[in-house]
Amino acid sequence: MILRGTISAPLPCLRLRSTGAAPTPPQSLTLSRRSLTTNQYSISDQDLDTRGFNLHRTIAELNLDHLNKVFVAVGFPKRDPDKIRTALEHTDSLLWMEYRKTKRPVAFARATGDGVFNAIIWDVVVDPSFQGLGLGKAVMERLIEELVGKGICNIALYSEPRVLGFYRPLGFVADPDGIRGMVYSRKPKRRT
């Protein structure tokens, strides 16, 4: 079952109908209004710099093979680098963090949408060697701020059930209005 949330206070925008994927259905969450006004980061840009991390908002210096290794390390399937590039070229907002010592991406998140009302956050990952340092939260805070700064008022994401607790403190809520997402699934034709 896929859960879908909506902004918890009425806003002058359309609701986004979201979908997800099986077999382990990700949860669909939406940012609540109360978190839309936070401008402080849990880790400042200066602190990130002091710790040896560079923030990037474009794919210009992003090594897709290294990003793919992070995807695989967190349990995503290995992806075709050409398809990753195409997906990123069609991404409205992205943010990734590079560890200067290795020149490799260690945290990443991106969002797609209509650029006006709705956005969906995808591919939130932190290299397992760097988890627990606050990098995922740092990436998400900045990505959310960018989307809200564009006036986007309905921000959803998909999440594995085991990490829902990570997103709730950021202002995401699951299914407050009882809305359920649906997944398009084509069943293979049986041969008789």
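Linking Ile, Leu, Val, Met, Phe, Trp and Tyr whenever their side-chain heavy atoms come within less than 4.5 Å leaves Tyr99 and Val70 in two separate clusters. In the hydrophobic cluster analysis, where Ile, Leu, Val, Met, Phe, Trp and Tyr join through side-chain heavy atoms closer than 4.5 angstrom, Leu95 is grouped together with Leu48. One hydrophobic cluster, built from ILVMFWY side chains closer than 4.5 Å, cannot hold both Leu143 and Leu88; they sit in different ones. When hydrophobic clusters are built by joining Ile, Leu, Val, Met, Phe, Trp and Tyr residues whose side-chain heavy atoms come closer than 4.5 Å, directly or via intermediates, Val125 is not grouped with Trp122.
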- Query: Passes side chain to side chain contact (heavy atoms under 4.5 Å, CB included), Arg104 versus Asn63? Steps please.
  - Reply: CA-CA 7 Å; Arg104 291 179 178 240; Asn63 182 311; over 6 Å; no
- Task: Could you go through the side chain to side chain contact (heavy atoms under 4.5 Å, CB included) check for Val124 and Leu157 one step at a time?
- Result: CA-CA 9 Å; Val124 180; Leu157 65 83; 5.7 Å; no
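The two residues Asp47 and Ser44 have their closest heavy-atom pair at N-OG, 3.0 Å. Residues Phe172 and Ile155 approach most closely at CE2-O, 3.6 Å, considering heavy atoms. Taking both residues in full, the closest heavy atoms of Phe53 and Met97 are given as CB-CG, 3.7 Å, listed atom of the first, atom of the second, then distance. Nearest heavy atom pair, residue Ile43 against residue Glu141, reads N-OE1, 4.4 Å. For Pro128 against Val74, the heavy-atom pair with the smallest separation is CD-CG1, 4.0 Å. Here the closest non-hydrogen pair linking Thr91 and Ala111 is CG2-O, 3.3 Å.
Inter-residue side-chain proximity for Asp92 and Ile152 is flagged as unmet; no heavy-atom pair is nearer than 4.5 Å. Residues Lys137 and Leu170 meet the side-chain proximity criterion, which asks for heavy atoms closer than 4.5 Å. Contact annotation: the side chain of Ile59 approaches that of Leu94 to within less than 4.5 Å [non-hydrogen atoms, C-beta and beyond]. A 4.5 Å side-chain heavy-atom check between Tyr167 and Ile121 finds every atom pair outside the cut-off. In this structure, the side chains of Phe108 and Leu62 come closer than 4.5 Å at one or more pairs of heavy atoms.
Applying the salt bridge (charged side-chain N to carboxylate O under 4.0 Å, His left out) rule to Lys150 yields the partners Glu146; only residues at least two apart in sequence or on another chain are considered. Looking at residues two or more places apart in sequence or on another chain, you find a side-chain contact (heavy atoms from CB on, under 4.5 Å) between Thr86 and His90. By the ring-ring contact (aromatic ring centres under 6.0 Å, His included) test, Phe76 pairs with Phe71, sequence neighbours left out. By the salt bridge (charged side-chain N to carboxylate O under 4.0 Å, His left out) test, Asp45 pairs with Arg142, sequence neighbours left out. Looking at residues two or more places apart in sequence or on another chain, you find a side-chain contact (heavy atoms from CB on, under 4.5 Å) between Asn54 and Asp49, His56, Glu98, Arg100. Legend: residues meeting side-chain contact (heavy atoms from CB on, under 4.5 Å) with Asp82, ordered by chain and number and at least two apart, are Asp80.
Taking CZ from Arg168 and OG from Ser159, the interatomic distance works out to 8.5 Å, rounded to the nearest 0.5 Å. The CH2 atom of Trp96 lies 8.0 Å from the OG1 atom of Thr58; values are rounded to the nearest 0.5 Å. A distance of 5.5 Å separates CG of Leu67 from CD1 of Ile84, quoted to the nearest 0.5 Å. With values rounded to the nearest 0.5 angstrom, Asn118 atom CG is found 11.0 Å from Leu147 atom CG.
Counting heavy atoms of neighbouring residues, nucleotides and ligands inside a 6.0 Å radius, atom CD of Gln46 does not exceed 12 of them. Atom CZ of Arg85 has 12 or fewer heavy atoms from other residues, nucleotides or ligands within 6.0 Å.
Side-chain heavy-atom separations under 4.5 angstrom define the hydrophobic clusters, and Val72 shares its cluster with no other residue.
The salt bridge (Lys or Arg N to Asp or Glu O under 4.0 Å) contacts involving residues 111-129 comprise Arg79-Asp123, Arg110-Asp123, where partners must be two or more places apart or lie in separate chains.
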